[in-house]
Undergrad: 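Structure in structure tokens, see below.
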Amino acid sequence: MNLCILVAGRLNSGKGADLPEFPELFHRLFERSDPGKTIRLSYMAALDEELPKDVGAFDGYLITGSPFSVYEDFPWIRHLTAFIRSAFDAGLPLAGICFGHQMLAQALGGRVEKSARGWGVGVRRSSIVARQPWMDRTSPQTLDLIYLHRDQVIKLPPNALLLMEDAFCPFGGFSIQDSVFAVQGHPELTNEICESLIRQRADRIEPDRAQVALTSLYAPHHGNRVGKWIVNFFLKKK
């Protein structure tokens, strides 16, 4: 299967950080989650106006995180929105992580806003409220993931199934039949990278919340489990 990862943001902010960028992080996640290399990855920088000319050029698409907001009026966001709608109409599988989760929700008829709850950062536990065939059926009913977001989905698209929720983020993951799988958390991030990103944003994140988040990063998380779900989601369409 040929999967294109549409890169919507960069992690290094120009403040001296030297973090791996999304292509490297998703390469590592798929190395762990797809050891048989049944999915071949390509990358295009959607934030630099790189999109396939033909929506059928790949078998599926994954949209990454981003420091941007999906409701900002940038040409590349408008073009990505149109591309997502075309891919969805063509029946191609779409996955989204953080910004990608929000992008899929908004492009397909949901709604995203800056949350009055403030930043959601660190390792957080959500409840799994529904399962799809690509999700393992023997795992616990909770999921611990790394989060780093201020925006939230506040309305799901039509026909969406809520998969996970918590008190801070009621729409933490959703699917639309066999076509869409979206998660607010970051399965591709490590605790160390999240710590660096929190410190980069120290002037924006509430100090008490940042400290709680940094403490939470001593705990393990289920990023690899969600990575396997993503692989399963795409392979079922092969």
Undergrad: Out of curiosity, Arg199 CZ to Ile205 CD1, how far, rounded to the nearest 0.5 Å?
TA: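 Reported value, rounded in 0.5 Å steps: 11.0 Å.
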Undergrad: Do Leu80 and Ile77 come within less than 4.5 Å of each other through their side chains, counting heavy atoms only?
TA: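 Result no, sub-4.5 Å side-chain heavy-atom pair not found.
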Undergrad: Taking only Lys NZ, Arg NE, NH1 and NH2, and the carboxylate oxygens of Asp or Glu, determine whether Lys114 and Asp151 approach each other closer than 4.0 Å.
TA: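 Asp151 and Lys114: not salt-bridged.
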Undergrad: Please report the closest heavy-atom contact between Leu145 and Val183, naming both atoms and the distance.
TA: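 Closest approach of Leu145 to Val183: CD1-CG1, 3.7 Å.
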Undergrad: Any Lys/Arg nitrogen of Arg40 or Asp59 sitting under 4.0 Å from an Asp/Glu carboxylate oxygen of the other?
TA: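 No salt bridge links Arg40 with Asp59.
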Undergrad: When rounded to the nearest 0.5 angstrom, what is the spacing between CZ in Arg204 and CH2 in Trp119?
TA: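 So the gap between those two atoms works out to 5.0 Å.
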Undergrad: Consider only side-chain heavy atoms of I, L, V, M, F, W and Y, link residues closer than 4.5 Å, and tell whether Val129 and Phe171 are in one cluster.
TA: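 Yes; tracing contacts between hydrophobic side chains, which count when under 4.5 Å, links both residues.
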Undergrad: Under the 3.5 angstrom rule, does the side chain of Ser175 hit a backbone N or O of Gln177 as a donor-acceptor pair?
TA: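 No; zero donor-acceptor contacts below 3.5 Å.
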Undergrad: Within a strict 4.5 Å, meaning less than it, do heavy atoms of the Ile128 and Met135 side chains meet?
TA: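 Contact flag for Ile128/Met135 side chains = yes.
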Undergrad: Which distance, rounded to the nearest 0.5 Å, do you find between the OG of Ser33 and the CD1 of Ile39?
TA: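 Result: 9.0 Å between the selected atoms.
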Undergrad: Does Asp166 have any salt bridge (Lys or Arg N to Asp or Glu O under 4.0 Å) partners at least two apart in sequence or in another chain, and if so, which?
TA: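 Here the qualifying residues are Arg124.
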Undergrad: Is the shortest side-chain heavy-atom distance between Ile176 and Leu108 below 4.5 Å?
TA: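 Yes, side chains in contact.
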Undergrad: Do the rings of Phe58 and Tyr61 sit parallel, tilted or perpendicular, given the 30° and 60° boundaries?
TA: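 Answer is perpendicular, since the angle exceeds 60°.
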Undergrad: Is there side-chain contact between Leu6 and Leu62, with heavy atoms separated by less than 4.5 Å?
TA: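 In short, these two side chains do not touch, never coming nearer than 4.5 Å.
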Undergrad: Return yes if some donor-acceptor pair links the side-chain N/O of Thr64 with the main-chain N/O of Val7 below 3.5 Å, else return no.
TA: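 Not at all, since once roles are kept as given, no pair shorter than 3.5 Å links the two residues.
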Undergrad: Does the pair Ile97 and Ile63 meet the rule for a side-chain contact (heavy atoms from CB on, under 4.5 Å), with working shown?
TA: CA-CA 6 Å; Ile97 305 298; Ile63 302 99; over 6 Å; no
Undergrad: To the nearest 0.5 angstrom, please state how far the CG atom of Leu3 sits from the CZ atom of Phe234.
TA: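 Between Leu3 CG and Phe234 CZ, I get 4.5 Å after rounding to 0.5 Å.
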Undergrad: Could you measure the distance from the CE atom of Met1 to the CG atom of Leu41? Nearest 0.5 Å is fine.
TA: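 Rounded to the nearest 0.5 Å, the CE-CG separation comes out at 10.0 Å.
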Undergrad: Using modelled atom types only, decide if a donor and an acceptor are shared between the side chain of Asp34 and the backbone of Val231 within a distance under 3.5 Å.
TA: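 No, because the side chain of Asp34 does not come within donor-acceptor range (under 3.5 Å) of the backbone of Val231.
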Undergrad: Report the C-alpha separation of Trp76 and Asp48 in whole Å, then their side-chain angles, then the decisive distance to 0.1 Å, and conclude whether the side-chain contact (heavy atoms from CB on, under 4.5 Å) test is met.
TA: CA-CA 7 Å; Trp76 73 268; Asp48 293 332; over 6 Å; no
Undergrad: Return yes when atom CZ of Arg32 has more than 12 non-hydrogen atoms of other residues, nucleotides or ligands closer than 6.0 Å, and no otherwise.
TA: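 Yes, enclosed.
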Undergrad: Kindly give the heavy-atom pair with the smallest separation between Leu217 and Gly122, and that separation in Å.
TA: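 Looks like CD2-CA, 4.2 Å.
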Undergrad: Is there any salt bridge (Lys or Arg N to Asp or Glu O under 4.0 Å) pair reaching into residues 97-112, and which pairs are they, with sequence neighbours excluded?
TA: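 Matches after skipping sequence neighbours: Arg111-Glu113.
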Undergrad: Do you know the tightest heavy-atom contact between Ile198 and Ala213?
TA: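 It is CD1-CB, 3.8 Å.
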Undergrad: Do Lys236's NZ or CZ and the ring of Phe233 fall within the cation-pi criteria of under 6.0 Å and 45°?
TA: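 Yes, a cation-pi geometry.
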Undergrad: Are Arg10 and Leu47 side-chain neighbours, meaning at least one heavy-atom pair lies under 4.5 Å?
TA: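 Yes, close enough: below the 4.5 Å cut-off.
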Undergrad: Hey, are the side chains of Ile230 and Phe181 touching, using non-hydrogen atoms and a 4.5 Å cut-off?
TA: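 In contact.
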Undergrad: Say you draw a straight line from OG of Ser42 to CD1 of Ile5; how long is it, rounded to the nearest 0.5 Å?
TA: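 Reported to 0.5 Å precision, the distance equals 9.0 Å.
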Undergrad: Please name all residues satisfying salt bridge (Lys or Arg N to Asp or Glu O under 4.0 Å) with Lys37, sequence neighbours left out, ordered by chain then number.
TA: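 For Lys37 the salt bridge (Lys or Arg N to Asp or Glu O under 4.0 Å) partners, ignoring immediate neighbours, are Glu31.
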Undergrad: Sort and list the pairs that fulfil side chain to side chain donor-acceptor pair (under 3.5 Å) and have at least one residue in residues 83-102, not counting sequence neighbours.
TA: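 As it turns out, the side chain to side chain donor-acceptor pair (under 3.5 Å) pairs with a partner in residues 83-102, which skip direct neighbours, are Gln102-Gln184.
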Undergrad: Could you check whether any side-chain N or O of Glu24 sits under 3.5 Å from a backbone N or O of Glu21, counting only pairs where one atom can act as donor and the other as acceptor?
TA: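 Checked: no pair found.
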Undergrad: Taking the six-membered ring for Trp, is the centroid-to-centroid distance between Phe68 and Phe74 below 6.0 Å?
TA: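 Between Phe68 and Phe74, the centre distance is under 6.0 Å.
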Undergrad: Shortest non-hydrogen contact from Arg117 to Ala167?
TA: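 Scanning both residues completely, I find the closest heavy atoms to be NE-O, 3.6 Å.
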Undergrad: Pair up each side-chain donor or acceptor in residues 153-165 with any protein partner under 3.5 Å, not counting sequence neighbours, and list the distances.
TA:
none

Undergrad: Any non-hydrogen side-chain atom of Thr81 less than 4.5 Å from a side-chain atom of Met103?
TA: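 With C-beta onward as the side chain, the pair touches.
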Undergrad: Carefully, step by step, assess Phe88 and Ser179 under the rule side-chain contact (heavy atoms from CB on, under 4.5 Å).
TA: CA-CA 7 Å; Phe88 181 76; Ser179 296; 3.9 Å; yes
Undergrad: Report yes if the side chains of Tyr71 and Gln106 come closer than 4.5 Å at any heavy-atom pair, otherwise no.
TA: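 Sidechains of Gln106 and Tyr71: in contact.
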Undergrad: So, Arg150 side chain and Ser115 main chain: donor-acceptor pair closer than 3.5 Å or not?
TA: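 Yes; at least one donor-acceptor contact below 3.5 Å.
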Undergrad: Grab the two heavy atoms, one from Gly118 and one from Phe168, that are nearest each other, plus how far apart they are.
TA: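 That would be O-CZ, 3.4 Å.
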Undergrad: Tell me whether Thr190 contacts the main-chain N or O of Ile193 through its side chain, where contact means a donor paired with an acceptor under 3.5 Å.
TA: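 Yes.
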Undergrad: At their closest point, which heavy atom of Pro187 faces which heavy atom of Leu29, and how far apart are they?
TA: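 Smallest heavy-atom distance, with atoms named: O-CD1, 3.7 Å.
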Undergrad: Identify which one of Cys194, Ser126, Ser216 satisfies the side-chain contact (heavy atoms from CB on, under 4.5 Å) criterion when paired with Tyr147.
TA: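 Exactly one pass, corresponding to Ser126.
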Undergrad: Could you go through Lys228 and Arg225, starting from their C-alpha distance and side-chain angles, then the distance that decides it, and tell me whether this counts as side-chain contact (heavy atoms from CB on, under 4.5 Å)?
TA: CA-CA 5 Å; Lys228 185 62 177 176; Arg225 179 189 298 170; 5.8 Å; no
Undergrad: Quick test of your reading: applying ring pair (Phe, Tyr, Trp, His ring centres under 6.0 Å), list the pairs with at least one residue in residues 189-230, sequence neighbours left out, ordered by first then second residue.
TA: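 The answer is none; no pair qualifies.
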